[in-house]
Amino acid sequence: MRNSEDDKRYTAMKEYYMTTTDNMDKRRALTCLGCTNDAKLIEQTLKWVKDSDDVRKQDKIFALGPCARGKNGKEVAWKFLQETIEEWKEIYAGGGFLLNSILKMPSGFVDNDKADEIE
């Protein structure tokens with residue numbers, strides 16, 4: 001069950017991201033948004049970061065990495081990546097290190113069945 005305090009903190013951090021003009025503060029806020037253990041908030045973050053023009057292309061990874069590393073985020077991030085991989089390829093046309101970073105999102109799995117699925 002979602003904790004209403006988590007929702008409040010999440011909303012406050014997102015509002016902070018939207019209002020600050022300091023790029024390092026924006027980066028820190030994106031990282032914090034990705035650090036939740038709430039699967040619904042992780043999914044919300046993944047969708048917002050991908051679709052939002054408010055998040056610079058080069059900054060999107062700062063939320064995605066923490067989403068995928070969290071306790072509940074690995075599976076959510078993997079499913080999201082599977083569903084949206086073509087959109088990410090379009091966002092980062094030509095590849096480069098940012099696309100490579102996104103493709104590393106499912107690297108935290110440790111069982112052989114999941115490794116086979118990812119490959």
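Since we're looking at a predicted model, the values are computed, not measured.
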Point to revise | Set of salt bridge (charged side-chain N to carboxylate O under 4.0 Å, His left out) partners for Glu87, sequence neighbours left out | key: Lys50

**Study point:** Shortest non-hydrogen contact from Trp48 toward Leu33
**Key:** CZ3-CD1, 3.8 Å

**Study point:** Pairwise side-chain contact, Lys26 with Asn23, heavy-atom cut-off 4.5 Å (strictly under)
**Key:** yes

**Study point:** Set of residues satisfying salt bridge (charged side-chain N to carboxylate O under 4.0 Å, His left out) with respect to Glu90, sequence neighbours excluded
**Key:** none

Point to revise | Spacing of Phe80 atom CZ and Lys47 atom NZ [to the nearest 0.5 Å] | key: 7.5 Å

Review point. Say you draw a straight line from CG of Leu46 to SG of Cys67; how long is it, rounded to the nearest 0.5 Å?
Key: 4.0 Å

Practice item. Mind listing the closest non-hydrogen atom pair of Ala68 and Lys74 along with its distance? Key: O-CG, 3.0 Å

Point to revise | Asp38 side, atom CG; Thr36 side, atom OG1 - distance, nearest 0.5 Å | key: 5.0 Å

Exercise for review: Would you please test Asp54 and Met18 for side-chain contact (heavy atoms from CB on, under 4.5 Å) and show each step?
Suggested key: CA-CA 7 Å; Asp54 294 316; Met18 298 299 290; 2.9 Å; yes

**Study point:** Heavy-atom check, side chain of Lys60 versus side chain of Trp88, under 4.5 Å
**Key:** yes

Exercise for review: Any salt bridge (Lys or Arg N to Asp or Glu O under 4.0 Å) involving residues 11-20? Give me the pairs, sequence neighbours left out, ordered by first then second residue.
Suggested key: none

Practice item. Evaluate the side-chain proximity of Tyr17 to Asp25: yes if any heavy-atom separation is below 4.5 Å, no if none is. Key: no

Practice item. Could you point out which residue of Leu30, Thr45, Val49 forms a side chain to side chain contact (heavy atoms under 4.5 Å, CB included) with Leu64? Key: Val49

Point to revise | Spacing of Cys32 atom SG and Tyr10 atom OH [to the nearest 0.5 Å] | key: 11.5 Å

